[in-house]
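One structure below.
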Amino acid sequence: LNRSETMRRPGGRRGGTQCDPAVVLVLLFVASILISTWYGVDLWQDELPSASRGCEIRCTRSWANVSLPLVAKAATAEELEEYRACSEALYRCGRATVVFVHIHKGGGTTFVAMARANAAGLAAQSRNGDPVKFAKGPRVEWWRQDPSTQWRMFRALRRGGTRFVATEKGFPTPENLLAPVSLVYAVVVRDPVARFVSYFFWRYRDASTLAKARASLVDALRLDRGIARLRPGAPPFGAFVADEAPLDGYYVRRLLGRDDRDPLGTADLDTALRTLRTAFSVVLVTERLHQLDPLVRAKLGWTRSSFDQCRKKALPAPDPAVLAAWRPDWRDELRRRMPLDLRVYDAALALSETQLQDALLQLATDAAAADRRPRD
């Protein structure tokens, strides 16, 4: 493109054009943005799992008005269960989308790593599973779209091979949340006190070159990371608690698609719990991830379902002396300040256990059916 001389036509006349280097660079930049659009599948991944071939799924219940939000469908609990089950089967056949609510410092990175290991259909350009508009660009805030636009977007993404969309920064409001029709909602929920403490030590971690080199060496040797180190100038934990107030309602706001700090009430909690119970097919709990491999395998068809193998790194433990310097009963005090999120966590524990038992039954039934099939 960037030749120093123009081409000559027969007869000595000059022909063609000489490209301005600045123009070429601009065109290449624009082309790179267009080429790196997130409307495509992550080319790093292997081909789709064998379960996606030859699937014939027929949903018995009518899927009319599929672009309506969940609150507008007025579906019964039985109907919603059928929607979820059929969407899970469609996803295992490559015809539905996992929408993963990534709770910050909740263990979501491990789930995204598992998705990659299973060629789950991540966007061509993504940041920890969140689609971005172009390489290193801003996240796509799809949750702000109306339900019909969301539906068309997910359908277009599936046609391009993208079947896994994470969201760490937002979630649709109840009025815009699509029903679980061709969508499989998933979430990892962590004890809210442990998540808050982990957030503090992550936010003010020692990120110096020496600290990073030490951490890399520990990871390479598979050693225990020991106690977390804070960077110089980090605030006392008590000051951090005061600055983050109110502490309660983080999970409730995430499930309601809210990014404010306005007071929450019982009605907000009820709506968040109803969303968790009616929309989500996969509810995982960080403290039990090592027990929940069968849930992921049954619901999503992921064969590489070991959370221990997909965990990218072992984080250092919080320094108990830093926490006790605020107050000796720091754990009880934080729990006292988080009643709403503890309710969400308890509901997630119960729901995850129910889903696990259903998954174990499904896997046993599938294994028995496979044994009855005639063998070549």
Side-chain angles (χ1 to χ4, degrees), residues 48-49 51-101 115 120-121 147-148 150-155 157-159 163-165 171-189 255 270-284 292 294-302 305 347-370:
L48 296 177
S52 66
R53 305 190 192 95
C55 284
E56 290 295 333
I57 303 298
R58 294 290 183 269
C59 297
T60 57
R61 189 167 297 279
S62 171
W63 285 37
N65 299 321
V66 291
S67 62
L68 283 177
L70 178 60
V71 295
K73 289 191 73 66
T76 64
E78 179 184 6
E79 290 171 336
L80 287 170
E81 184 175 356
E82 289 187 31
Y83 287 145
R84 292 193 301 270
C86 189
S87 296
E88 294 158 16
L90 287 172
Y91 177 79
R92 293 193 294 271
C93 290
R95 294 163 51 195
T97 305
V98 166
V99 178
F100 173 53
V101 179
S148 296
Q150 287 183 50
W151 175 259
R152 291 193 297 271
M153 180 201 71
F154 284 123
R155 183 176 58 184
L157 287 175
R158 283 194 296 272
R159 289 173 177 171
R163 301 176 300 113
F164 183 96
V165 174
F171 192 62
T173 62
E175 295 75 20
N176 284 335
L177 179 63
L178 286 170
V181 177
S182 292
L183 299 175
V184 180
Y185 292 101
V187 66
V188 180
V189 181
L255 291 170
D270 291 343
T271 303
L273 293 177
R274 184 164 57 250
T275 297
L276 186 69
R277 291 168 178 148
T278 58
F280 284 80
S281 290
V282 179
V283 178
L284 304 170
L292 299 178
L295 173 54
V296 173
R297 189 163 62 252
K299 295 281 189 176
L300 305 179
W302 292 356
S305 57
L349 275 171
L351 188 55
S352 182
E353 177 61 25
T354 299
Q355 292 179 353
L356 175 61
Q357 296 306 317
D358 292 342
L360 291 171
L361 178 60
Q362 178 184 329
L363 291 173
T365 301
D366 292 346

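Throughout, residue positions are numbered sequentially from 1 according to the sequence presented. Computed from heavy atoms alone, side chains included, the values below leave out hydrogens, waters and symmetry copies. Because the structure is a prediction, the values reported are computed rather than measured.
What you find for Arg158 and Trp151 is that their closest heavy atoms are NH2-CH2, 4.3 Å. Across every non-hydrogen atom of Ser87 and Pro180, the tightest pair is OG-O, 2.8 Å. Between Gln150 and Asn176, the shortest heavy-atom contact is NE2-O, 3.0 Å. Residues Ala279 and Arg84 share a closest heavy-atom pair of O-CD, 3.9 Å.
Paired with Tyr185 under the rule side-chain contact (heavy atoms from CB on, under 4.5 Å), one option of Val99, Val98, Leu276, Thr97 passes, and it is Val99.
Taken from CZ in Phe171 to OG1 in Thr275, the straight-line distance is 7.0 Å, to the nearest 0.5 Å. Interatomic distance, Leu351 CG to Leu356 CG, rounded to the nearest 0.5 Å: 11.5 Å. Met153 CE to Arg155 CZ: the interatomic distance, rounded to the nearest 0.5 Å, is 12.0 Å. One finds the CD atom of Glu81 at 7.5 Å from the CG atom of Asp358 (value rounded to the nearest 0.5 Å). Atom OG1 in Thr278 sits 12.5 Å away from atom CD in Glu79 (nearest 0.5 Å).
Residues satisfying the salt bridge (Lys or Arg N to Asp or Glu O under 4.0 Å) criterion with Glu353, sequence neighbours excluded, are Arg288. Not counting sequence neighbours, Phe164 has no partner by the ring-ring contact (aromatic ring centres under 6.0 Å, His included) test.
Under a 3.5 Å cut-off, the side chain of Arg92 and the backbone N or O of Lys299 do form a donor-acceptor pair. For the pair Gln355 (side chain) and Leu295 (backbone), a donor-acceptor distance under 3.5 Å is absent.
Contact check for Phe280 versus Leu255: side-chain heavy atoms found under the 4.5 Å cut-off. A 4.5 Å side-chain heavy-atom check between Val296 and Leu284 finds at least one atom pair inside the cut-off.
Residue pairs satisfying the salt bridge (Lys or Arg N to Asp or Glu O under 4.0 Å) criterion with at least one member in residues 271-282, sequence neighbours excluded, are absent.
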